[in-house]
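Have a look at the structure below before the remarks.
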Amino acid sequence: MVPGLKDMTIEELTEEFDFLGLWEDQCRYLIELGEELPPLDDSEMIEQNRVHGCQSQVWFIPEVHEDATGTTIGFRAKSDARIVDGLIVVLLTLANGKTPEQILETDFAGTFERLGLESQLVPQRRNGLYSMVERIRAIAKANEGRQSPDRTTGSETTEVENTSDNDVVPSETSGAQGKPTLPVADDAKSLDIELVRSQFPALHHTLDSGVRVTFLDSASSAQKPQCVIDKEREVYEQYYANAYRGVYRYGDRISRELEHSRESIRQFIGAESTDEVIFTPGTTVGINLVANAWGRKFLKQGDEIVLNELEHHANIVPWQWVAEQTGAVIRYWPLTDDGQLDLDASAEVLSEKTRLVAITGMSNVLGTVPPLSEIIAKAKAVGSLVLVDGAQSVPHMPTRVAKDGIDFLAFSGHKLYGPSGIGGLYGRRELLEAMDPFLCGGHMIDQVTMNGFTVAHLPAKFEAGTLPIAQAIALGRAVEFVAELGFCPVHSHEQSVLRYAWEQMRQVPGLQIYGPDTAHRGAIISFTLDGAAAQDVAQLLDIKGVFVRHGHHCTMPLHEHLGVPATIRASFGLYNTKHDVDVLIDALHFVRQELKLDS
Ligand code: PMP
């Protein structure tokens with residue numbers, strides 16, 4: 001029962017909602033309900049009673065009622081917005097007068113679904129609603145199992161101390177997982193490669209010379225399928241607005257689309273909650289976020305960070321920087337001669353001083369795929385966290401962060417057939433909650449005063465400012481596209497192209513391939529041609545329409561290890577074919593001729 005309100009059950013309230021049918025009318029009804037909510041005293045509308053995570057100001061005052069039959073909890077609450085007051089009435093109708101145990105068993109999310117609130121409320125308001133649920137559950141949790149005083153008569157009502165948001169018990173509703181958004185692929189099917197290729201417009205161009213483009217630089221940045229291009233365009237043409245701000249229709253739609261994308265990404269990488277999926281500009285920023293927000297807070301003098309020479313500068317330099325700031329020490333896990341992590345050397349590099357193993361999921365030069373589960377097990381055995389640089393691995397193989405015990409995973413949208421300027425960082429909830437914020441400003445705060453600020457809940461805590469909105473939405477479409485094809489067919493296609501390329505390239509005179517055999521690598525081959533500068537090779541291949549990257553590929557320590565200043569890299573995406581390999585081989589013979597390497 002809601003004090004001061006007419007006695008109404010949740011069934012009656014649901015019937016009224018059903019009767020009204022239209023959201024417009026239901027919204028009016030919520031306002032009417034809210035108008036009946038009794039006011040609080042000014043002395044009660046204080047910080048201690050405030051519920052954080054709501055856009056409006058909301059205050060909750062719990063009262064625990066004890067009598068001979070047991071303990072029940074009642075709430076008085078009020079906000080500064082009338083629709084929110086209406087939502088408070090819904091919540092109090094659900095919770096008031098129940099025992100702590102009954103409150104904890106209450107299916108809040110199910111009721112919101114039945115009332116249509118799940119689909120009608122804009123995400124900020126929905127988050128606010130769940131913040132109130134969390135407050136109610138935290139108070140119930142704090143009073144669970146409370147024995148009523150041993151009295152035979154009489155009863156007592158106590159205004160109990162409010163539970164702060166820091167004590168909030170994570171509920172099954174917070175960061176609730178949404179409905180499946182990812183298509184399920186038929187793993188037994190092989191890739192219809194011509195159909196796949198037809199979806200990538202940029203693959204179908206010819207140069208002025210009449211030569212067809214052969215794109216072999218997906219490790220640098222992949223081409224985009226039409227559905228991703230269309231999605232970004234749809235955002236601008238149909239409902240563009242800033243996200244998480246406006247309650248008007250475009251603002252609402254854009255926020256929903258973003259959350260849909262976040263949910264697809266969550267499923268794609270196997271995270272438990274969308275709260276753990278943070279939009280970032282890409283892998284580099286994701287790793288910098290962890291280095292600064294986790295590293296600067298938790299690393300101390302003498303703590304060790306374990307890296308290896310395969311790593312991209314993005315997974316070396318932030319750690320060097322943070323080590324310099326904190327006094328932590330960097331250790332390098334040795335490589336075998338063929339460019340794999342030397343697992344026999346694990347005891348030399350891992351110890352109780354190891355705080356973090358930061359490792360690539362797939363080398364962007366050698367294609368090496370380290371045995372992550374073995375490495376994670378070894379790291380966990382010494383109490384270390386594991387960060388995976390997924391820039392290259394996430395587009396090519398399934399990622400299951402929760403199942404595999406990955407603590408942080410950073411990846412880039414542009415290598416995943418999605419837009420540039422957007423990527424993701426996964427972090428385990430407890431870690432993200434314990435970390436400092438990284439960038440500060442709008443959206444990442446809960447309260448700001450002249451004297452300071454408090455931070456917003458996840459994931460907003462790490463999403464300061466305006467996101468690259470259209471790109472983030474289109475990234476969701478990109479992961480749906482890959483999921484639709486399925487990693488089984490994609491991986492076996494890419495590996496067969498890789499094996500073919502490996503065999504053919506080894507027959508080109510003077511061509512040296514770096515790194516492990518095809519059983520231990522993804523679809524990347526870096527090589528040199530004896531007697532030819534990498535840049536000349538790449539330039540001449542372009543004449544034949546073959547687009548490859550050359551240089552150190554942001555891996556100077558690895559190139560030092562290989563003993564060459566630069567390599568040429570052919571990298572394959574899900575759209576490349578054995579025919580592309582044939583074109584590359586012909587073009588390599590052309591390069592050899594042009595550079596007179598035979599003579
Ligand atoms: N790590 C690896 C393994 C990469 O290949 C790259 C991109 N070349 C990065 C990190 C950096 O990614 P981004 O430039 O998208 O931040």
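Both ligands and their constituent atoms are indexed starting at 1 by order of listing. In this text the structure is predicted, and so the values were computed from the model without any measurement. Position 1 is the first residue of the sequence; numbering continues from there. Hydrogens, waters and symmetry mates are skipped; everything else that's a heavy atom, side chains included, is used.
Taking CZ of R549 as the start and CG of L216 as the end, the distance is 14.5 Å to the nearest 0.5 Å.
The aromatic rings of F547 and F215 sit perpendicular, their planes meeting at an angle over 60°, well past the 30° parallel limit. Classified by interplanar angle (parallel below 30°, tilted 30° to 60°, perpendicular above 60°), the ring pair H559/H552 is perpendicular.
A salt bridge links R262 with E259: at least one charged nitrogen is closer than 4.0 Å to a carboxylate oxygen. Salt-bridge check for E257 with K231: passed, with a basic side-chain N closer than 4.0 Å to an acidic carboxylate O.
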For residues 316-329, please give each side-chain donor-acceptor pair under 3.5 Å, one per line with the distance, not counting sequence neighbours.
| from | atom 1 | to | atom 2 | distance (Å) |
| --- | --- | --- | --- | --- |
| W319 | NE1 | N315 | OD1 | 2.9 |
| T326 | OG1 | V322 | O | 2.8 |
| T326 | OG1 | A328 | N | 3.2 |

Every pair of nitrogen or oxygen atoms between ligand 1 and the protein that is under 3.5 angstrom apart - can you list them with their distances to 0.1 Å?
| from | atom 1 | to | atom 2 | distance (Å) |
| --- | --- | --- | --- | --- |
| ligand 1 | 1 (N) | D389 | OD1 | 3.2 |
| ligand 1 | 1 (N) | D389 | OD2 | 2.6 |
| ligand 1 | 5 (O) | Q392 | NE2 | 2.6 |
| ligand 1 | 8 (N) | H312 | NE2 | 3.3 |
| ligand 1 | 8 (N) | K415 | NZ | 2.7 |
| ligand 1 | 15 (O) | S412 | OG | 2.7 |
| ligand 1 | 15 (O) | H414 | NE2 | 2.7 |
| ligand 1 | 16 (O) | T283 | N | 3.4 |
| ligand 1 | 16 (O) | T284 | N | 2.9 |
| ligand 1 | 16 (O) | T284 | OG1 | 2.6 |

